[in-house]
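Take a look at the structure below.
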Amino acid sequence: MLTKAQWQGCLEVMEEMFPDAHCELIHSNPFELLIATLLSAQCTDALVNRVTPALFAKYRSPQDYLQVDVEELQNDIRSIGLYRNKSKNIQALSQMLIEQFAGEVPNSREALVTLPGVGRKTANVVLSVAFGIPALAVDTHVERVSKRLGLCKWKDSVLQVEETITKKTPMNLWNKTHHQLIFFGRYHCKAQNPNCLSCPLLEVCREGKKRMKKLSST
DNA sequence: AACTCGGGGCA
DNA sequence: TGCCCAGAGTT
């Protein structure tokens, strides 16, 4: 198992590899972060970032999203996929924010997950990035990376992985950790053909060492 | 647990 | 061309 110090070392190395990873989800306010995160489902942020500048210039508040027909909103986000669900959710969510949360994005998980289209992962991103609250969205990349490195056991559930990382990550790294893990997992520690040969974390990585051993024996 | 939504990226 | 993808909701 990876120690807390080793884990922090890994996070620092990931930051050196992808220094601007966390910039992709920096937004001027929690509401824009919430919308951008919701749009990110099943597509990359690079794709989302192509529509958000125009989107956020046009819609600045929950009220703004309610002043157009759903078809118009669909057209504004069509290129990212899953646009029917997402448009519907954004309008329903805007309505709820106005009626139940005084137009503000709530800062508790219990409240966030009651919003349509917002599940645990989206809620955790908003909590950590917008409010600095320790919460980590565990997707396939985060799960794979933490298990390969040896931070978690292979049989751990998603919730167990989340608990372990939450426990071992220092407060000052909360707004970055998720994005560093995502980038590291997506572009380096890939699901297929991970680049172990050039990996700076090879010395501490459980799976990496195993793969190298196998490679040298054949 | 296994679907569905969905256009774009990439082999 | 066909497969996959920073998820959530429904059955």
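Every chain is numbered from 1, with letters handed out A, B, ... down the list of sequences.
Of the residues in residues 146-177 of chain A, not one places a heavy atom less than 4.0 Å from an atom of DNA chain C. The stretch residues 193-201 of chain A does not touch DNA chain C, since none of its heavy atoms comes less than 4.0 Å from the strand.
Side-chain N/O atoms of A/Gln42 include one lying less than 4.0 angstrom from OP1 or OP2 on C/dG7.
Taking 4.0 Å as the cut-off between side-chain N and carboxylate O, A/Arg120 and A/Glu162 count as a salt-bridged pair. Note on A/Asp64 versus A/Lys58: no salt bridge recorded, every NZ/NE/NH1/NH2 to OD/OE distance being 4.0 Å or above.
Checked against side chain to side chain contact (heavy atoms under 4.5 Å, CB included), A/Lys176 has the following partners two or more places apart in sequence or in another chain: A/Glu15, A/His22, A/Gln180. The side-chain hydrogen bond (donor to acceptor under 3.5 Å, both in side chains) check on A/Gln6 picks up A/Thr3, with sequence neighbours excluded. Listed by chain and residue number, nothing satisfies the side-chain hydrogen bond (donor to acceptor under 3.5 Å, both in side chains) test with A/Asn107 (two or more places apart in sequence, or in another chain). For A/Lys147, the side-chain hydrogen bond (donor to acceptor under 3.5 Å, both in side chains) partners two or more places apart in sequence, or in a different chain, are A/Glu143. The side-chain hydrogen bond (donor to acceptor under 3.5 Å, both in side chains) check on A/Gln95 picks up A/Glu99, with sequence neighbours excluded.
Of all nucleotides in DNA chain B, those with any atom nearer than 4.0 Å to a heavy atom of chain A start and finish, going 5' to 3', at B/dC5 to B/dG9.
Per the geometry, CD1 belonging to A/Ile80 stands 18 Å off P belonging to C/dC5, to the nearest Å. If you take CG of A/Asn124 and C1' of C/dA6, they are 13 Å apart, rounded to a whole angstrom. Between A/Asn85 atom CG and C/dG7 atom C1' there is a gap of 11 Å when expressed in whole angstrom units. In this structure, A/Leu136 places its CG atom 15 Å from P of C/dA6, rounding to the nearest Å. A straight line from CD of A/Gln192 to C1' of C/dC3 spans 11 Å, rounded to a whole angstrom.
Residue A/Ser79 is classed as a sugar-phosphate contact, given heavy-atom separations below 4.0 Å to backbone atoms only.
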What pairs of nitrogen or oxygen atoms, one from the protein and one from nucleotides 8-11 of chain C, lie under 3.5 Å apart?
{"unit_1": "C/dA8", "atom_1": "OP1", "unit_2": "A/Gly119", "atom_2": "N", "d": "3.0"}
{"unit_1": "C/dA8", "atom_1": "OP1", "unit_2": "A/Thr122", "atom_2": "N", "d": "3.0"}
{"unit_1": "C/dA8", "atom_1": "OP1", "unit_2": "A/Thr122", "atom_2": "OG1", "d": "2.5"}
{"unit_1": "C/dG9", "atom_1": "OP1", "unit_2": "A/Gly117", "atom_2": "N", "d": "2.9"}

Return all side-chain donor-acceptor pairs below 3.5 angstrom for residues 130-141 of chain A, not counting sequence neighbours, or 'none' if the list is empty.
{"unit_1": "A/Asp139", "atom_1": "OD1", "unit_2": "A/His141", "atom_2": "N", "d": "2.8"}
{"unit_1": "A/Asp139", "atom_1": "OD1", "unit_2": "A/Val142", "atom_2": "N", "d": "2.8"}
{"unit_1": "A/His141", "atom_1": "ND1", "unit_2": "A/Arg144", "atom_2": "NH2", "d": "3.0"}

Can you give the donor-acceptor pairs under 3.5 Å from side chains of residues 109-119 of chain A to other protein atoms, not counting sequence neighbours?
{"unit_1": "A/Arg109", "atom_1": "NE", "unit_2": "A/Asn124", "atom_2": "OD1", "d": "2.9"}
{"unit_1": "A/Arg109", "atom_1": "NH2", "unit_2": "A/Asn124", "atom_2": "OD1", "d": "2.9"}
{"unit_1": "A/Thr114", "atom_1": "OG1", "unit_2": "A/Ala111", "atom_2": "O", "d": "2.6"}

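Side chains of A/Asn175 and A/Ser128: a donor-acceptor N/O pair is absent below 3.5 angstrom, by distance only.
Sorted by first and then second residue, the ring pair (Phe, Tyr, Trp, His ring centres under 6.0 Å) pairs involving residues 54-81 of chain A (not counting sequence neighbours) are A/His27-A/Phe56, A/Phe31-A/Tyr65, A/Tyr59-A/Tyr65.
Spacing of P atoms, B/dT4 relative to C/dC3, comes out at 15 Å, to the nearest Å.
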